[in-house]
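Encoded as structure tokens, the structure appears first; notes follow it.
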Amino acid sequence: MLQEYQKSMNILIGSGVPLFILGKFILPNFPALPGILAPTAVLAGYFLLLFGCRALAKAKGYSGTMGLLVGLLSVLGLLILLLMKDKNK
């Protein structure tokens, strides 16, 4: 795995997944919060996860475009990328 992409991958995925989960499953249970808060958290988390998948693909030696396309599958795409072989070894 290329070290130059590893830090950005960790930051993007590490903040994207919890934000996505927060907006999708936790925030809707609090009706006192503004209605726009949960969808905004889901969208922000999704985009962070998407670009984290791009960084993960590049770190493993694949194209960033392929990482974005697989990242469209959200957490399933992340799992697919994690299971893919590292081309840099």
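The structure displayed is predicted, hence computed values, not measured ones.
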Taking all atoms of both residues into account, what is the closest heavy-atom pair of [X] and [Y], and its distance?
{"X": "Gly64", "Y": "Arg54", "answer": "O-CG, 3.5 Å"}
{"X": "Gly71", "Y": "Tyr46", "answer": "O-OH, 4.1 Å"}
{"X": "Val75", "Y": "Leu49", "answer": "N-CD2, 3.9 Å"}
{"X": "Gly23", "Y": "Pro28", "answer": "O-CD, 3.4 Å"}
{"X": "Ala55", "Y": "Ser8", "answer": "CB-OG, 3.8 Å"}
{"X": "Phe25", "Y": "Asn29", "answer": "O-ND2, 3.0 Å"}

Would you say [X] and [Y] are hydrophobically clustered, going by side-chain heavy atoms of ILVMFWY under 4.5 Å?
{"X": "Val42", "Y": "Ile36", "answer": "no"}
{"X": "Ile11", "Y": "Met1", "answer": "no"}
{"X": "Ile13", "Y": "Val70", "answer": "yes"}
{"X": "Ile80", "Y": "Met9", "answer": "yes"}

Nearest-0.5 Å distance that lies between atom [atom1] in [X] and atom [atom2] in [Y]:
{"X": "Leu37", "Y": "Leu27", "atom1": "CG", "atom2": "CG", "answer": "5.0 Å"}
{"X": "Leu73", "Y": "Leu50", "atom1": "CG", "atom2": "CG", "answer": "10.0 Å"}
{"X": "Leu69", "Y": "Ser63", "atom1": "CG", "atom2": "OG", "answer": "7.5 Å"}
{"X": "Asn10", "Y": "Ser15", "atom1": "CG", "atom2": "OG", "answer": "10.5 Å"}

Next item on the list: Apply the test side chain to side chain contact (heavy atoms under 4.5 Å, CB included) to residues Leu48 and Leu19: give CA-CA distance (whole Å), side-chain angles for both, the deciding distance (0.1 Å), then the verdict.
Entry: CA-CA 9 Å; Leu48 288 171; Leu19 193 57; 4.1 Å; yes

Between [X] (side chain only) and [Y] (backbone N and O only), is there a donor and an acceptor less than 3.5 Å apart?
{"X": "Lys58", "Y": "Gly67", "result": "no"}
{"X": "Lys60", "Y": "Met84", "result": "yes"}
{"X": "Asn88", "Y": "Ala59", "result": "yes"}
{"X": "Tyr62", "Y": "Leu81", "result": "no"}

Does the side chain of [X] reach to within under 4.5 Å of the side chain of [Y], using non-hydrogen atoms?
{"X": "Leu78", "Y": "Val17", "answer": "yes"}
{"X": "Leu68", "Y": "Phe51", "answer": "yes"}
{"X": "Gln6", "Y": "Leu56", "answer": "no"}

Check: In the hydrophobic clustering that connects Ile, Leu, Val, Met, Phe, Trp and Tyr at side-chain heavy-atom distances below 4.5 Å, which members other than Leu83 occupy its cluster, ordered by chain and number?
Finding: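 Direct or chained contacts put Leu83 with none.
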
